[in-house]
Number of protein chains: 2
Amino acid sequence: MKSRCENCIIRQFNSLRAMSKEELKRVSDTKTTKIIKKGDPIFSEGEKLNGVFCVRDGVSKLSKLSANGKDQIVKLASKGEVMGQRSVIAEESSNLSAVAVSDMEVCYIPKEGIVDALHQNPNFTVEVLRHMAHDLREADDVIVNMSQKTVKQRIAEAFLYLRDNFGEDAEGYLSITLSREDIANVVGTATESCIRIISEFKKKKYIKTSGKKIGVQDEKKLRDLVDGF
Amino acid sequence: MKSRCENCIIRQFNSLRAMSKEELKRVSDTKTTKIIKKGDPIFSEGEKLNGVFCVRDGVSKLSKLSANGKDQIVKLASKGEVMGQRSVIAEESSNLSAVAVSDMEVCYIPKEGIVDALHQNPNFTVEVLRHMAHDLREADDVIVNMSQKTVKQRIAEAFLYLRDNFGEDAEGYLSITLSREDIANVVGTATESCIRIISEFKKKKYIKTSGKKIGVQDEKKLRDLVDGF
DNA sequence: GCTTTAACCTGACTAATATCATGTTTTAGG
DNA sequence: CCTAAAACATGATATTAGTCAGGTTAAAGC
């Protein structure tokens, strides 16, 4: 049994909510749902995308390979986010790779349904535009953080960001579990430096760990650090 | 005598070209043209924008203040570029400040004409969307550069970027003249470090200078440096 | 359950870059 | 034209973060 986009609550979180009944029906008829295992790729940098991916469950990292062979994670996409929009809209091959960070369920939507709606339904287009404007603002903020904050500050900020955007479990650990290497690739540092700073934070009781899980323990201290106190 | 948007060649470079005759007429009727002196602000971070600014001549730096008091320049806008779009679309106050880097002529276009066109003319909306998708890709590239490249590489890249995007004069100097501090703020480094590296490049004959003007002299060496050779 | 591999961790060293101090040149204003 | 301020420049030093090398622990495959 295939579920319908019309009934998908995920839609409430993204631009698809601005689609008309008919547009949504078409999208639903052409979409395919995929199960993706943790660690598996969804698409790769340079690949021509013929559709977008709507995340129903799990988290994906969107990264770009740098000249020195390191992956810079530019965004983490979770429930409700649409991946590959930018490339489809700009009619360019993807500038990012997407890899599942946890087990995922995503819907693949062929671009035709999206592109046609963009040209015919201004409400939908404006909605997509708003989303992209938001992403652009976030990107500006990241640029400033990268150039003006220390690695320590960026790691502290990353934990707060992960907690605020992905939540925490009953014991106060982050719902999202990233490897140290992934965290390093989010903040743009060497894995060893990242591990060292995590150890330091743990020693200072800013955070707590349990296996791979990490939990924010002293929000204020972390925030002060980020703000430069 | 007031010039009309319909006849403005600048329009060819931006999303306004996708507007209908009527929409353009309205924009032209409500716009005002301003002369802005080098160093003068156009708008500031946090300010609520009630319109966008279309650059007719000159260059503006778009920057964001970081916690440690430094300005990070996120973009340089020149002829044909529209500033403030993002904020107007997202209906947020501006996340960036705009300051004239050279004497400028800009047209201020009240947002109503833009917003209404966005909701009524899908071609225009898609055109704006494409532009923003492009900007977002560039932002991703900047993030990777910031985190993965050395200051030296970023400065080398900046000179090549400035030449490719703003051109050079008959003697081979960059058409755009930035202070050392501005260059430092583009690449996200300390002014002293920037000056030092410029001196080094000059000594190695990668670039030449004449007063404040800088010219690319050895493109290949600069490019090799950027690419990590 | 054992073995292999990947992830995590720590120390020592090095390279890159920021900061501070100070001097010189250029530019702008009266 | 003169003077003050801003921009440019360079040296010395301190700090940050990257790299290399060697471990330990945890996880995955046979």
Side-chain angles (χ1 to χ4, degrees), chain A residues 37-40 61 66-72 99 101-103 145-158 177-204 207-214 225-226 228, chain B residues 37-40 61 66-73 99-103 145-158 177-204 207-214 225-226 228:
Chain A
K37 277 250 204 13
K38 176 177 173 174
D40 283 353
K61 58 177 172 182
S66 71
N68 56 30
K70 266 190 201 158
D71 244 11
Q72 174 68 40
V99 173
V101 159
S102 62
D103 289 342
N145 281 343
M146 283 295 176
S147 70
Q148 309 285 1
K149 293 204 163 125
T150 64
V151 171
K152 211 174 280 191
Q153 290 177 307
R154 301 206 301 270
I155 291 180
E157 189 162 42
T177 305
L178 296 174
S179 70
R180 307 297 148 107
E181 189 181 2
D182 280 342
I183 298 172
N185 290 344
V186 167
V187 303
T189 188
T191 308
E192 297 95 320
S193 301
C194 180
I195 289 173
R196 235 183 279 277
I197 290 168
I198 289 176
S199 300
E200 184 193 329
F201 284 178
K202 197 161 61 177
K203 210 170 289 172
K204 290 185 178 166
I207 61 173
K208 58 185 176 182
T209 64
S210 165
K212 290 220 179 312
K213 289 200 139 326
I214 290 177
L225 210 171
V226 172
Chain B
K37 277 249 204 18
K38 177 177 173 175
D40 283 354
K61 57 177 173 182
S66 72
N68 56 32
K70 267 191 200 157
D71 244 12
Q72 174 67 39
I73 297 178
V99 174
V101 159
S102 61
D103 289 342
N145 282 343
M146 283 293 176
S147 70
Q148 309 285 0
K149 294 204 162 122
T150 64
V151 171
K152 211 173 280 191
Q153 290 178 306
R154 301 205 302 270
I155 291 179
E157 190 162 41
T177 304
L178 295 173
S179 69
R180 307 295 147 109
E181 189 181 1
D182 280 342
I183 299 173
N185 290 343
V186 167
V187 303
T189 188
T191 307
E192 297 95 320
S193 301
C194 180
I195 289 173
R196 235 184 280 277
I197 289 169
I198 288 175
S199 300
E200 185 192 330
F201 284 178
K202 197 162 58 176
K203 210 170 290 173
K204 289 186 177 165
I207 60 173
K208 58 185 176 182
T209 64
S210 165
K212 290 220 179 310
K213 291 200 137 326
I214 290 177
L225 210 172
V226 172

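Every heavy atom of this structure was used, including side-chain atoms; hydrogens, water molecules and symmetry mates were not. Each chain gets a letter, A, B and so on, in the order its sequence line appears, and its residues count up from 1. Being a predicted model, the structure only gives us computed values, none of them experimental.
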Distance check needed: [N] [atom2] versus [X] [atom1], whole Å only.
{"X": "Arg180(B)", "N": "dT24(C)", "atom1": "CZ", "atom2": "P", "value": "19 Å"}
{"X": "Gln153(A)", "N": "dT15(D)", "atom1": "CD", "atom2": "P", "value": "16 Å"}
{"X": "Gln148(B)", "N": "dA16(C)", "atom1": "CD", "atom2": "C1'", "value": "15 Å"}
{"X": "Glu200(B)", "N": "dA9(D)", "atom1": "CD", "atom2": "C1'", "value": "14 Å"}
{"X": "Ile195(B)", "N": "dG11(D)", "atom1": "CD1", "atom2": "P", "value": "13 Å"}
{"X": "Glu181(B)", "N": "dA9(D)", "atom1": "CD", "atom2": "P", "value": "13 Å"}
{"X": "Lys152(B)", "N": "dA15(C)", "atom1": "NZ", "atom2": "C1'", "value": "10 Å"}
{"X": "Asn185(B)", "N": "dT17(C)", "atom1": "CG", "atom2": "P", "value": "16 Å"}

What nucleic acid atoms does [X] come within less than 4.0 Å of, heavy atoms only: base, sugar-phosphate, or nothing?
{"X": "Ser179(B)", "value": "sugar-phosphate"}
{"X": "Thr150(A)", "value": "sugar-phosphate"}
{"X": "Lys149(B)", "value": "nothing"}
{"X": "Thr191(B)", "value": "nothing"}

- Respond yes when some side-chain nitrogen or oxygen of Ser193(A) is under 4.0 Å from OP1 or OP2 of dT16(D), and no when none is. no
- Would one find a side-chain N or O of Lys70(B) under 4.0 angstrom from OP1 or OP2 of dT19(C)? yes
Main chain of [Y], side chain of [X]: is a donor-acceptor contact present, judged purely on distance under 3.5 Å?
{"X": "Ser179(A)", "Y": "Asp182(A)", "value": "yes"}
{"X": "Thr150(B)", "Y": "Gln153(B)", "value": "yes"}
{"X": "Asn145(B)", "Y": "Arg154(B)", "value": "no"}
{"X": "Arg180(B)", "Y": "Ile195(B)", "value": "no"}

- Message: Any N or O donor-acceptor pair under 3.5 Å from the base of dG11(C) to the side chain of Arg196(A)?
- Response: yes
- Excluding sequence neighbours, so at least two apart, what forms side-chain contact (heavy atoms from CB on, under 4.5 Å) with Lys37(B)? Asp40(B), Asp103(B)
- Measure the CG-CD distance between Asp71(A) and Gln148(B) for me, rounded to the nearest 0.5 Å. 8.5 Å
- Query: Which comes earlier along DNA chain D counting from the 5' end, the contact point of Ile197(A) or that of Lys212(A), where each point is its nearest nucleotide?
  - Reply: Ile197(A)
- Item | Bending between helix ends of the helix from dG1(C)-dC30(D) to dG30(C)-dC1(D) [5 pairs per end, 10° resolution] | 60°
- Where the side chain of Glu192(A) is defined as all heavy atoms beyond and including C-beta, which of dT19(D), dA18(C), dT19(C) is the nearest nucleotide? dT19(D)
- Could you give all pairs that pass the side chain to side chain donor-acceptor pair (under 3.5 Å) test and reach residues 184-201 of chain A, with sequence neighbours left out? Lys152(A)-Glu200(A), Glu200(A)-Lys204(A)
